[in-house]
Amino acid sequence: LLNEQLKIKIKIKLKKINFMANKNYINIYNNLVKYSRNKSIFSLFTENDTFSDRLLIFFFHFGFFLKEYKKTQNKELLQEVFDYVIRELEISIREIGYGDASINKKMKTYINSLYSILEKIDNWDYHDMSKKRDIFKSFFNYDGDTVKLVNYFDKYSIFLKKNSFNSFLNGVINLEI
């Protein structure tokens with residue numbers, strides 16, 4: 001029994017090592033970060049470029065990415081990508097200077113925001129403009145018109161449909177919207 005437990009623990013450790021060794025996921029993460037740093041997005045709904053707004057824009061990009069590729073990729077692969085992206089995000093947040101005590105609480109809040117975004121955009125293609133605008137207004141403290149933001153993410157969704165999952169693994173892709 002002990003021998004079997006050791007074999008299982010070794011397999012789990014090897015799986016974690018192999019997962020972290022997969023550098024291709026870094027290309028997905030880098031693409032999402034690059035798209036989220038697009039300053040013109042922020043001008044669509046705010047004059048400020050805050051950490052929380054940037055993180056929400058990142059989550060919207062990631063959410064649309066997962067929504068699109070869950071149609072063509074297996075769940076295990078997307079779970080690995082999800083885990084990798086969240087781990088990279090956590091590392092980035094730690095580099096900003098959040099301490100260990102607050103990082104777990106903040107990550108839980110951030111992950112809940114991502115899950116909420118995933119839930120709200122799941123039927124994005126079937127929502128009318130008003131419903132899509134309401135989705136953004138529920139996340140951003142903005143009283144203005146979010147039509148341009150909706151149009152941006154409609155185009156981003158089309159962009160994802162035109163590009164294969166593997167293209168995101170192979171390198172940084174220029175977002176032409």
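Below, each value reflects all heavy atoms present in this structure, side chains not excepted, and no hydrogens, waters or symmetry copies. Residue numbers count from 1 along this sequence.
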Original post:
Just by distance, do the side chain of Y69 and the backbone of L160 share a donor-acceptor pair under 3.5 Å?
Top reply: yes
Original post:
So do the side chains of F58 and V85 get within less than 4.5 Å of each other, counting heavy atoms only?
Top reply: yes
**OP:** Check for a donor-acceptor pair, side chain of Y156 on one end and backbone N or O of H61 on the other, with a separation under 3.5 Å.
**Re:** yes
Original post:
Under a single-linkage definition using a 4.5 Å side-chain heavy-atom cutoff for Ile, Leu, Val, Met, Phe, Trp and Tyr, are L149 and V147 assigned to the same hydrophobic cluster?
Top reply: yes
Subject >> Stepwise side chain to side chain donor-acceptor pair (under 3.5 Å) test for S92 and Y29 >> reply: CA-CA 11 Å; S92 296; Y29 179 77; 3.1 Å; yes
Subject >> K67 and D125 ion-paired at < 4.0 Å >> reply: yes
Original post:
When F62 is tested against each of L118, I117, V81 for side-chain contact (heavy atoms from CB on, under 4.5 Å), which residue passes?
Top reply: V81
Original post:
For F139 and S116, what are the C-alpha separation, side-chain angles and deciding distance, and is it a side chain to side chain contact (heavy atoms under 4.5 Å, CB included)?
Top reply: CA-CA 10 Å; F139 286 98; S116 181; 3.5 Å; yes
Original post:
So, do M107 and I86 sit near enough that their side-chain heavy atoms are less than 4.5 Å apart?
Top reply: yes
**OP:** Check the side chains of D128 and S130 for a donor-acceptor pair under 3.5 angstrom, ignoring hydrogens and angles.
**Re:** no
Original post:
Under 4.5 Å between side-chain heavy atoms, hopping through other hydrophobics if needed: is there a path connecting Y126 to I135?
Top reply: no
Original post:
So, does S164 use its side chain to make a donor-acceptor pair with the main chain of S167 at under 3.5 Å?
Top reply: yes
Original post:
What is the ring orientation for F140 with F136, classed by angle as parallel under 30°, tilted 30 to 60°, or perpendicular over 60°?
Top reply: parallel
**OP:** Examine the side chains of K161 and S157 and answer whether a donor and an acceptor come within less than 3.5 Å of each other.
**Re:** yes
Subject >> Short N-O contact, D145 and R133, less than 4.0 angstrom >> reply: yes
